[in-house]
Each structure stands twice: as structure tokens, then as C-alpha cells.
Amino acid sequence: MPNRNHPEQAGNEQQPNRAQQQRQQQAGNQPRLSPQDLQNRLREGNGEAKLPPPEASGQQNDIARRAAEGAKIGPAAALAANGEAKGEVSERKISDDDRRRSDQDFRTRVQDGERRGEGQRRLTDEEMRRDLERRERNLREGERDLRDGEREADRREDRLDRRDAWMDRRDNRWDDRRDEWRDNDDDDNSSDIAKLLLAGAAGFAVGKMMSGNRQVALNTGDRAVLMLPDGSQQVVRDDNALLYQPGSDVRTETYQDGSTRTTVLRSDGSQVVTIRDADMNILRRTLIRPNGTETRLIDDTAVQPVDVATLPAPQPVVYTNRPWQEDELRQALLTESSTDRRFTLGQIRDIPEVRSLVAPVNVPEITFDTGSAALSSGQAEQLATLGKVIGDAVQQNPNEIFMIEGYTDSVGSNAANLALSDRRAESVALALTEYFQVPPENMVVQGYGEQFQLVPSDGDERENRRVSVRRITDLLEQGS
């Protein structure tokens, strides 16, 4: 089924190369199921069906190609700092009020971030200035009407003073944002993403060009969706958000090249240190216990290219519409991969052939309201079995890493669905920590939007609005 939002699947469609064709044949690539076919299989299997992996039929795109090339990591100042504070330091303490929770829709709704349709041009600075001036004139006209009808002079003067002060602050914010955007447009060292995302994504103006020849397609306030030249899209977010639990002290050092070192100090004395590059990609994450012992969780500093044609066939997906029993969930989730090499977190996230080397386990208990990423407490409590299995696994092996994945149906734009699915994955991960004390450093999240559907459809098929969990420990490079 051609995807209306993926240019590589429309018009001059890219044909799969010979290696891709061989992999699809090796994986037993079957015709995709209809909704009725899936229901028949579930009935025959007592609520369980083994399906071909959706990733097997995916098209190559710029995101996967860049990840497979294994570009060498440049010298990041945060890696070389060895904990010495040489960057700009910011500190804060996480409270109940400013942490993220599984029952909230975060800063803005996805629809609010989609300010202009895909393909429309970005407003110029002059056009934005004229728009602000028009709004200012309307405000002042409204103030004149207010003055004419205001009977209490003291209240009127107070309102006018406050409105003038607000206008001054607004103009100052506009000047600051304009200068920041212009500075970032002239910045060719890729530090724009780190600076803007750490500031709350405010500068991710829709249509803005970012480093790597990527354009902002959507800004939701807590993450942004970037479009590559071939039309493929990727989401950028603060991967440390899961770590910001109440009572934690967060110290972030930002270096001139845009790389960052963030230390999250928890009340029990343990620390999680995350080093990221200028594009906010995790380069290294380490857990330091109160006694000083360290566990390396992620190490993306040594990147090797990936030849997808040489990889084993992807694993089939066991899909169920009934709750998992603890024993069967443990067996499904902890099955080891057959590959003998390791990959970076970015390669696992971005290359379908790598990710599908371990089968995902779907979470049938979780559903979301349309357009929402919030989990009710009742739904979150349904994650008890999953929370116990993951928690037990981490207790036995502190190196375990699980990727929580979000998917949507085809209703809405591709960019909005990508951001929404990423939020939903984050909500599930947050719930696993809030309700079942799963260590947040042992989880990563990734949304895939309407890609890799189980049931091909342009409608609101429930089976495509799913959340999956994948144990990526056997795939992930963690260093020594």
C-alpha cells in the first residue's frame, strides 16, 4: 500500500535492490493481512497469532542509510571532559510539579504543533514582524475601547501598565528568538538541535532548516519532527526525560560544540551520567552506584557500518489480543538474538533490519484516546506483569536495556503520527517507573508513527494503534 506521506513510495518509487529482495524472500515475506484475516488467526490461535515482521517489507530511506553508513563519531567535548566542568553549567532539582508523568499530555497537543501544513513555506522574519505589528495594533485598539468604557481610573491605569509591560516583554522575546534563529542558521557545527531542545524546543519553527539538511516538519513543544531530503522523518526529543524523577538533582554541562554531559543524582546516592552529541544523540550512558561501581549501559562512540544484506532474517511477530501470562511474557521478551555483533542505539532505532533481529512483544492492555498520549491510572496498573518481568530482568542483569515502541494508525499526517507515537511510548515507560519501579535508565523510547503497520489501512484500525517492547540488550553496544 503506497503511503501518502512517504515520497519514496509515490511517483518515482524506489525499487528495492537485490539484497533487499533476497532478505524479503528469506524472511518469507507474505502478503499483508486484512483486519478480517488477523481476527481469524487470533480466533484460531486462542487470542494469539504469529505474523510476518512488518519491518521486512519496509523501504530504504535516508534515515536508515545514514545509520547504516556508520559515520565516525567526531570529537565531542563532553566525552573528552572526563567530568571536569569546562562547559556552561545549569542545575535544577526535579519536583513533582516539573516532572513528566504518564497521565499527562505534556506541554502541547500534537495538533497545536502542526502550525502549517506539509509543503507550505516558512514565514520570513519580515512577514512574522508584520504579523506581530498587526496583532499589536489590534491589541491597542482594544485598549482604546477599554479606556473609553472604563469608569474606575485606577483599575484602568493598572491594566494599561500591565499590558504595556507585557508588550515590551513580548517584543524582547521576539528579538531574542529572531537573533537565536539567525545565529543557528549560520551555525554549521550541528549545535542547533542541542541548544533548542534543551531550551524547550521553542526555536524549532516549522519550516526551519537544521543541520544535516533537515527541515522542521512539526514542533509539539516537547519534541520536534525533522524531515530529510527524501521525505523520511525522524523525531528528536530529550532522551533524559525518563530520568527526571522527583527528588533528583540534575546538572548539565553544555560545551561549545553543542555536546552535553548530564548527571542525574538521585536521593539514594546513585548517579546516571549521559553524554550526548550536538544532535542530542546518546553517546554514552553510565550508571554509578553509591559505592562507586559503574555499569556501562550505552556506548555509541565506536560506530561500525552495517551491511543489511548479511544480517539474519527478521524474527516473526507474536501478536496477542489477550493479556500475557507472566511465564509466557518472560519467555517471549527475554529470547536472545541470533546475531553475534553489536550495534549502536541509533542503528537499532533507525535500521529496520537491525531492530527486527529481536522480536517485539506487543502490549495488548494499552489503548489511548484519539490524539492523546495520556495513560489513565487504571490502564497503567494493567502493566503489572510487564513491569515485574522487566524489573526482575534488570535486577538479575543491570545491563538490560528495553526499547518501548509506539505506533499509530493512518489517521492524521505522518509527522503528527510520528510525534504522537513517540509520546505514547514515553508514557508507557514513565508508567513502568511510576507504578512498578522499573529503573528508567534501563529503558529507551522510540515512536514509528504509521510505519510498519500490522494491518495495511488508511483508517483507524485498532491493531495499528499499538505499543510494543523489545529487549535490545543482545544488539546494543555497551562498551567495557
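Residue indices begin at 1 and follow the sequence shown.
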So, applying side chain to side chain contact (heavy atoms under 4.5 Å, CB included) with R423, which one of L418, V445, D222 is it?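 For R423, the side chain to side chain contact (heavy atoms under 4.5 Å, CB included) check succeeds only for D222.
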
Are [X] and [Y] within salt-bridge range, i.e. N to O under 4.0 Å?
{"X": "E55", "Y": "R470", "result": "yes"}
{"X": "R276", "Y": "D238", "result": "yes"}
{"X": "R266", "Y": "E441", "result": "yes"}

Are any side-chain N or O atoms of [X] and backbone N or O atoms of [Y], one a donor and one an acceptor, separated by less than 3.5 Å?
{"X": "N240", "Y": "L243", "value": "no"}
{"X": "N417", "Y": "E450", "value": "no"}
{"X": "D230", "Y": "N61", "value": "no"}
{"X": "R465", "Y": "D409", "value": "no"}
{"X": "R330", "Y": "D327", "value": "no"}
{"X": "D299", "Y": "R285", "value": "no"}
{"X": "D369", "Y": "S372", "value": "no"}
{"X": "R342", "Y": "L476", "value": "yes"}
{"X": "S356", "Y": "P314", "value": "no"}
{"X": "W324", "Y": "N362", "value": "yes"}

For [X], side-chain hydrogen bond (donor to acceptor under 3.5 Å, both in side chains) partners two or more places apart:
{"X": "E294", "result": "none"}
{"X": "D422", "result": "R223, R237"}
{"X": "T473", "result": "E400"}

Take T367 and R466 through the side-chain hydrogen bond (donor to acceptor under 3.5 Å, both in side chains) test and state the conclusion after the steps. CA-CA 7 Å; T367 58; R466 68 192 197 278; over 6 Å; no

About how many Å separate [atom2] of [Y] and [atom1] of [X], when rounded to the nearest 0.5 Å?
{"X": "M210", "Y": "M227", "atom1": "CE", "atom2": "CE", "result": "14.5 Å"}
{"X": "T344", "Y": "I351", "atom1": "OG1", "atom2": "CD1", "result": "7.0 Å"}
{"X": "Q451", "Y": "T408", "atom1": "CD", "atom2": "OG1", "result": "9.5 Å"}
{"X": "N399", "Y": "L287", "atom1": "CG", "atom2": "CG", "result": "9.5 Å"}
{"X": "L345", "Y": "I472", "atom1": "CG", "atom2": "CD1", "result": "5.5 Å"}
{"X": "K388", "Y": "L383", "atom1": "NZ", "atom2": "CG", "result": "15.0 Å"}

Under 4.5 Å between any side-chain heavy atoms of [X] and [Y], yes or no?
{"X": "L375", "Y": "I366", "answer": "yes"}
{"X": "R341", "Y": "V306", "answer": "yes"}
{"X": "M403", "Y": "E405", "answer": "yes"}
{"X": "P246", "Y": "R99", "answer": "yes"}
{"X": "L79", "Y": "L283", "answer": "yes"}
{"X": "L297", "Y": "I401", "answer": "yes"}

Tell me, yes or no, whether the heavy-atom count around [X] atom [atom1], taken from other residues, nucleotides or ligands under 6.0 Å, exceeds 12.
{"X": "R462", "atom1": "CZ", "answer": "no"}
{"X": "E91", "atom1": "CD", "answer": "yes"}
{"X": "E88", "atom1": "CD", "answer": "no"}

Heavy-atom closest contact ([X] atom, [Y] atom, distance):
{"X": "V264", "Y": "S248", "value": "CG1-CB, 3.8 Å"}
{"X": "L242", "Y": "M443", "value": "CD1-O, 3.7 Å"}
{"X": "R349", "Y": "V444", "value": "NH2-CB, 3.8 Å"}
{"X": "N464", "Y": "V455", "value": "ND2-O, 2.7 Å"}
{"X": "D350", "Y": "A67", "value": "CB-CB, 3.9 Å"}
{"X": "R66", "Y": "P229", "value": "NH2-CD, 4.0 Å"}

Please enumerate all residues that pass ring-ring contact (aromatic ring centres under 6.0 Å, His included) together with Y407, with sequence neighbours excluded. Y448

State, without any angle test, whether [X] and [Y] hold a side-chain donor-acceptor pair at a distance under 3.5 Å.
{"X": "Q331", "Y": "Q325", "result": "no"}
{"X": "T260", "Y": "E253", "result": "no"}
{"X": "D268", "Y": "S270", "result": "yes"}
{"X": "R355", "Y": "Q347", "result": "no"}

Listing, residues 430-440 side-chain donor-acceptor contacts under 3.5 Å, not counting sequence neighbours, or none:
residue	atom	partner	partner atom	Å
T433	OG1	V438	O	2.8
E434	OE1	S102	OG	2.9
E434	OE2	S102	N	2.9

Residue pairs involving residues 267-287 (criterion ring-ring contact (aromatic ring centres under 6.0 Å, His included); sequence neighbours excluded): none

Can a cation-pi geometry be assigned to R41 and Y319, taking NZ or CZ under 6.0 Å from the six-membered ring centre and within 45° of the ring axis?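 The answer is no; the distance or angle limit is not met.
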
Between D277 and R284, does the salt bridge (Lys or Arg N to Asp or Glu O under 4.0 Å) criterion hold? Intermediate values first, please. CA-CA 10 Å; D277 65 13; R284 185 175 292 161; over 6 Å; no

